[in-house]
Number of protein chains: 2
Amino acid sequence: MALRNALLAALIDRESSGYDLAKKFNSSVANFWTATPQQLYRELEKMETEGLLSARLVKQDKRPDKRIFSVTAAGRAALLGFSRRTPKPTTVRDELLVQVEALAHGDVASIRASIEAHQKASRTRLEGYEQRLADILGSRTEKEFLATGSRLGPYLTLNRGITFERENIAWADLALTVLSHRYPGPESGTS
Amino acid sequence: MALRNALLAALIDRESSGYDLAKKFNSSVANFWTATPQQLYRELEKMETEGLLSARLVKQDKRPDKRIFSVTAAGRAALLGFSRRTPKPTTVRDELLVQVEALAHGDVASIRASIEAHQKASRTRLEGYEQRLADILGSRTEKEFLATGSRLGPYLTLNRGITFERENIAWADLALTVLSHRYPGPESGTS
DNA sequence: ACGGCCATGTAACTGGTTACATGATTAC
DNA sequence: GTAATCATGTAACCAGTTACATGGCCGT
């Protein structure tokens, strides 16, 4: 009953298949919601039987058939209702930061490697977000867009995702610098 | 099996009761992990029976008794083992951003109010984090601390929390400004 | 007299994760 | 011929949420 709203938001501007959504929930939407493909298929099924979504089957040759979901009038009403409720507080689950919190009681070399991997993943997501931002802006400057553009919501969430990933990258730099001063290892090196 | 590691990290430097932890998971640790009191009590119980924690009963008069948990040798070993594993990717669940994503299909006045509430909550958490940072630094400057201090891990996670909340506040300012230009409401005013 | 804080918990439910299965197609 | 991509799903399990219960103390 919470993933549901994220799905409505993801489908309202563009109908998609479960497979498309799985990719979206690993890239553009990942910034504020995550879900596994299994969760999506289960929830889409439920939402269709409840009338929030309608599905049409698209037959493809040379490819498996796919079911394209779109938001119904009832779905739009549900989304409007959701926008009026008080959103639940943000929840985060970040195992890397748990490792860092207990740095002094863990394996520092391994944690350093995790920070590097995390930073790399942030760089990749950041590139994706910046690409999407460029697509939304088109040839307009940010100012022009803010005054007249039509995809304000996605712009704002993307903007949040971009600064978030930039801060992740900067934080990783700080952490790595501090670690190399305080726990000088045997040639700390990224390959 | 994931909350468990966050608990070990939270208890390793200071033994605490379930109640203390519930507060911690709403303030200092909230930055990278959240959990309800019920989750904590259940998990603490399990971890004690598995030998990762030991509990001692502290009788209080004028107050209910409390059980103080501390990490055992087996718990320390588990934490070290965790530090060597690849951390799972960060998961986020932010209903406010879901509302903002679907801005054009929702109730803008209500969403604006949600952004304001969210910003206020960020300010409160930020103050708490800055207070804790000051406690960790003591009379040292940040540079002195980084060269010689002993609570590096908590410093780094706190630092991440502080920039995160600052960015939340700045983002809310941007969002509110954009909204008041694009959806000028009837005297948009915080009381 | 009432709500809030301290401190712990049970029970029932909902939501999320992991592992596995299918099967054709395209690219190397 | 091997792996990756497209596209969907089942089953079993584990984790998280919500609602409720207890009971004395403190402040107003």
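A, B, ... follow the sequence lines: proteins, then strands. Residue 1 opens every chain.
- Under a 4.0 Å N-O distance rule, the pair A:Glu50/A:Arg4 qualifies as a salt bridge.
- Atoms CG (B:Leu40) and P (D:dT17) sit 11 Å apart, rounded to a whole Å.
- Annotation: ring-ring contact (aromatic ring centres under 6.0 Å, His included) contacts involving residues 97-144 of chain A, sequence neighbours excluded, are absent.
- Dashed line: the shortest gap from a side-chain N or O of A:Ser17 to OP1 or OP2 of D:dT8 is under 4.0 Å.
- A:Tyr19 has no side-chain polar atom (N or O) that falls below the 4.0 Å cut-off from OP1 or OP2 of D:dT8.
- Look at CD1 on B:Ile68: it is 13 Å from C1' on C:dC6, rounded to the nearest Å.
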Under 3.5 Å, which donor-acceptor pairs do the side chains of residues 142-151 of chain B form with other protein atoms, sequence neighbours left out?
{"residue": "B:Glu142", "atom": "OE2", "partner": "B:Tyr155", "partner atom": "OH", "Å": "2.6"}
{"residue": "B:Glu144", "atom": "OE1", "partner": "B:Thr141", "partner atom": "N", "Å": "3.0"}
{"residue": "B:Thr148", "atom": "OG1", "partner": "B:Glu144", "partner atom": "O", "Å": "2.9"}

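- For DNA chain C, if you chain together Watson-Crick or G-U pairs that step i with j, i+1 with j-1 and so on, the runs of at least three with distances under 3.5 Å are C:1-28 with D:1-28.
- Take B:Gln38 and apply the side chain to side chain contact (heavy atoms under 4.5 Å, CB included) test, not counting sequence neighbours, and it matches B:Thr36.
- Whole-Å rounding puts the B:Met47 CE to D:dA15 P distance at 12 Å.
- Computed from coordinates, the A:Asp20 CG to D:dT8 C1' distance equals 13 Å when rounded to whole Å.
- Take the nearest nucleotide of DNA chain C for B:Gly18 and for A:Lys46: the residue whose nucleotide is more 5' is B:Gly18.
- Checking side-chain atoms of B:Asp20 against main-chain N and O of B:Ser17 turns up a donor-acceptor pair under 3.5 Å.
- A:Lys23 has its NZ atom 10 Å from the C1' atom of D:dA7, to the nearest Å.
- Residue B:Tyr41 places at least one side-chain N or O under 4.0 Å from the OP1 or OP2 atom of C:dT8.
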Could you give me the CA-CA distance, side-chain angles and deciding distance for B:Val92 and B:Leu97, then say whether side chain to side chain contact (heavy atoms under 4.5 Å, CB included) is met?
CA-CA 11 Å; B:Val92 189; B:Leu97 289 182; over 6 Å; no
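- A:Arg56 has its CZ atom 13 Å from the P atom of D:dA7, to the nearest Å.
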What do the steps show when you test B:Ser28 against B:Leu158 for side chain to side chain contact (heavy atoms under 4.5 Å, CB included), and what is the final call? CA-CA 8 Å; B:Ser28 52; B:Leu158 249 186; 5.7 Å; no
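- Heavy-atom nearest nucleotides on DNA chain C were determined for B:Gln60 and for A:Glu43, and the one closer to the 5' end corresponds to B:Gln60.
- No side-chain heavy atom of B:Leu156 sits less than 4.5 Å from a side-chain heavy atom of B:Arg160.
- We find that CH2 of A:Trp33 is positioned 11 Å from P of C:dG15, with the value rounded to whole Å.
- Sorted by first and then second residue, the salt bridge (charged side-chain N to carboxylate O under 4.0 Å, His left out) pairs involving residues 81-105 of chain B (not counting sequence neighbours) are A:Asp107-B:Arg84.
- Nucleotide D:dG9 holds its C1' atom 15 Å from the CG atom of A:Leu21, rounded to whole Å.
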Is there any protein nitrogen or oxygen under 3.5 Å from a nitrogen or oxygen in nucleotides 17-21 of chain C, and what are the pairs?
{"residue": "C:dT17", "atom": "OP2", "partner": "A:Gln39", "partner atom": "NE2", "Å": "2.7"}
{"residue": "C:dT18", "atom": "OP1", "partner": "B:Lys88", "partner atom": "NZ", "Å": "3.4"}

